[in-house]
Amino acid sequence: MASRKSPFAVFLNSHRIKEINKGNKAPTFKELCNKLSPIWNTLTDAEKEKYKDLASKYNSTRVKKQPLKQISDQNNSYDFSNMQKYITQMFECISNNEELLKKKFILLHINCHTEEQEQYYFPAEIAALEFSLIDGISRTYHQVIGISEIYPRGFAGGMKQFSDLFHRILCFDKHQDDYQQILLEFSTFLKDEIINDADLKEGTLDLPCLFTIESEIGTNMINTQKSLERLYSTAYPRVDDERCKSIFKIGSVQKLLLEIKKKLNLHLNPQNLRSGNSVCDILESYGLGCKYHESRDISYECSKAHIIQWMTNICKNILCENTGLIIPKPGRHVPVTLRNGAKLIIENAHLPISREDLYLN
């Protein structure tokens with residue numbers, strides 16, 4: 001589903017960019033709304049007109065260049081409505097709360113090398129996290145990806161501008177660019193079993209559903225899907241387009257949250273049923289980033305930080321505080337604070353570390 005912008009969203013984003021250009025930490029949409037809503041309400045129609053024009057130009061470009069393709073096969077995840085039905089059916093097959101609490105889900109966030117005007121998307125950073133509600137995090141995958149040898153040279157200006165605003169991974173910096181190996185490792189993580197090169201060449205893998213945010217500043221589900229398709233077609237150019245599109249099942253984190261709450265018979269706030277309201281508020285804060293982003297003090301731009309915080313908020317803020325079914329496990333559901341003040345989350349459930357080993361407070 002293409003992400004459309006309202007004049008108010010354009011107004012907020014213009015102020016967000018100003019803060020970033022000043023060297024400040026990027027404010028969240030919630031912070032911007034609280035701060036700028038009174039100002040927006042005082043603007044005259046004439047003053048709002050430029051934001052209406054910018055929103056109109058953006059939306060018309062999105063509609064023209066990025067149509068939503070209609071398909072009948074619900075295993076093809078680029079059809080948003082079919083994926084919503086797929087997730088509903090998946091939860092209908094979960095027989096009881098015990099099974100739900102033990103079921104493993106995979107969260108996904110991708111920062112893209114992006115030229116929005118030309119609708120060019122390629123993964124700059126892939127982060128995935130497997131977790132269950134009862135045990136928290138079990139495994140993570142993370143990879144920064146370079147395209148210094150293959151990016152379209154005419155896109156350099158737009159791609160650098162996008163990178164400066166959203167993730168700081170420049171297209172002409174040297175990073176891992178063995179795309180077949182990246183795709184092999186990523187697919188192996190998703191299946192949690194050995195995947196070989198022939199599996200990917202044939203394009204017949206049955207991968208689990210991945211959950212990402214429907215829309216946020218700098219990315220959305222469509223961009224995530226398109227970037228994975230381009231990674232796949234670049235690594236294996238002989239795989240036909242339809243197989244590239246069907247191999248990844250991308251679902252909505254918002255939908256995941258609502259289905260969990262419904263399955264547990266929790267109170268469903270009507271606002272949660274509308275995309276972009278309180279569910280997004282729950283998910284929008286950021287957690288621990290990767291070494292690349294932490295070393296630059298920009299962990300809030302990191303894909304890994306997004307998925308860790310999504311998992312923490314799903315398990316703690318929604319389930320633990322509302323159901324009492326789960327006792328949070330330090331380092332698994334939520335980061336722990338070490339004696340030196342550092343935060344840590346254990347990304348491998350099989351890592352034999354005790355509280356004494358971690359020097360916990």
Side-chain angles (χ1 to χ4, degrees), residues 1-3 68-110 127-134 136-139 187 189-192 205-216 219-229 245-284 306-307 309-311 313-315 317-319 322-323 325:
M1 182 171 63
S3 174
L68 181 63
K69 297 184 179 180
Q70 298 299 318
I71 58 171
S72 58
D73 181 2
Q74 69 180 20
N75 288 322
N76 291 327
S77 64
Y78 54 89
D79 185 314
F80 179 82
S81 62
N82 279 347
M83 274 307 299
Q84 297 288 79
K85 296 175 184 176
Y86 178 87
I87 296 168
T88 297
Q89 292 173 359
M90 181 178 75
F91 273 83
E92 288 173 351
C93 294
I94 299 174
S95 58
N96 53 52
N97 284 355
E98 182 180 2
E99 183 181 347
L100 173 62
L101 295 177
K102 292 180 179 179
K103 183 173 177 60
K104 292 183 177 180
F105 302 100
I106 297 180
L107 302 177
L108 171 74
H109 189 279
I110 294 181
L129 179 155
E130 181 189 72
F131 79 104
S132 68
L133 299 175
I134 192 69
I137 193 170
S138 55
R139 299 182 298 126
S187 301
F189 169 84
L190 297 180
K191 289 287 285 183
D192 196 17
L205 284 176
D206 181 21
L207 297 177
C209 184
L210 312 175
F211 295 93
T212 193
I213 204 81
E214 284 177 28
S215 183
E216 65 180 356
T219 188
N220 60 37
M221 292 178 68
I222 292 292
N223 300 357
T224 296
Q225 178 71 33
K226 285 183 174 292
S227 68
L228 286 178
E229 289 172 14
K245 291 175 180 177
S246 66
I247 191 170
F248 297 107
K249 305 182 184 75
I250 310 294
S252 160
V253 177
Q254 290 95 321
K255 176 69 171 176
L256 173 65
L257 287 174
L258 295 176
E259 289 295 335
I260 290 172
K261 295 183 73 173
K262 185 167 66 175
K263 198 72 179 180
L264 292 173
N265 294 318
L266 297 179
H267 173 66
L268 287 176
N269 186 330
Q271 285 190 324
N272 288 356
L273 300 176
R274 299 197 301 273
S275 170
N277 290 319
S278 55
V279 170
C280 285
D281 292 341
I282 291 168
L283 296 172
E284 71 178 358
H306 283 72
I307 58 174
Q309 196 63 45
W310 293 351
M311 184 275 298
N313 289 346
I314 290 170
C315 294
N317 296 50
I318 296 178
L319 295 176
N322 286 286
T323 70
L325 293 172

Candidate pair T88 and K255, rule side-chain contact (heavy atoms from CB on, under 4.5 Å), full reasoning:
CA-CA 9 Å; T88 297; K255 176 69 171 176; 2.9 Å; yes
Could you check whether atom NZ of K191 has more than 12 heavy atoms from other residues, nucleotides or ligands sitting under 6.0 Å from it?
yes
Does this structure show an ion pair linking E259 with K262, if we count only N-O contacts that are shorter than 4.0 Å?
yes
Test L133 against I314 for side-chain contact (heavy atoms from CB on, under 4.5 Å), laying out the working first.
CA-CA 8 Å; L133 299 175; I314 290 170; 4.0 Å; yes
Enter the distance from [X]:[atom1] to [Y]:[atom2] here, rounded to the nearest 0.5 Å.
X    : Y    : atom1 : atom2 : result
L256 : L107 : CG    : CG    : 7.0 Å
T224 : E229 : OG1   : CD    : 11.0 Å
F211 : L129 : CZ    : CG    : 13.0 Å
I110 : I250 : CD1   : CD1   : 6.5 Å
N96  : L101 : CG    : CG    : 9.0 Å
Q84  : S252 : CD    : OG    : 5.5 Å

Minimum heavy-atom distance between [X] and [Y], given as atom pair plus value:
X    : Y    : value
S132 : C315 : O-SG, 4.2 Å
L100 : I94  : N-CG2, 3.7 Å
A128 : I106 : CB-CG2, 4.2 Å
G251 : C209 : N-SG, 4.0 Å
L228 : L108 : CD1-CD2, 4.2 Å
F248 : Q225 : O-OE1, 3.7 Å

Okay, side chain of T212, backbone of M221: is any donor-acceptor separation there less than 3.5 Å?
no
Without swapping roles, check the side chain of E214 against the backbone of Q254 for a donor-acceptor pair under 3.5 Å.
no
Sequence-distant partners of [X], salt bridge (Lys or Arg N to Asp or Glu O under 4.0 Å), two or more places apart:
X    : answer
K263 : none
K102 : E98
E99  : none

Check whether any side-chain heavy atom of M90 lies under 4.5 Å from a side-chain heavy atom of K249, and answer yes or no.
no
Can you say whether the rings of F105 and F91 are parallel (under 30°), tilted (30 to 60°) or perpendicular (over 60°)?
parallel
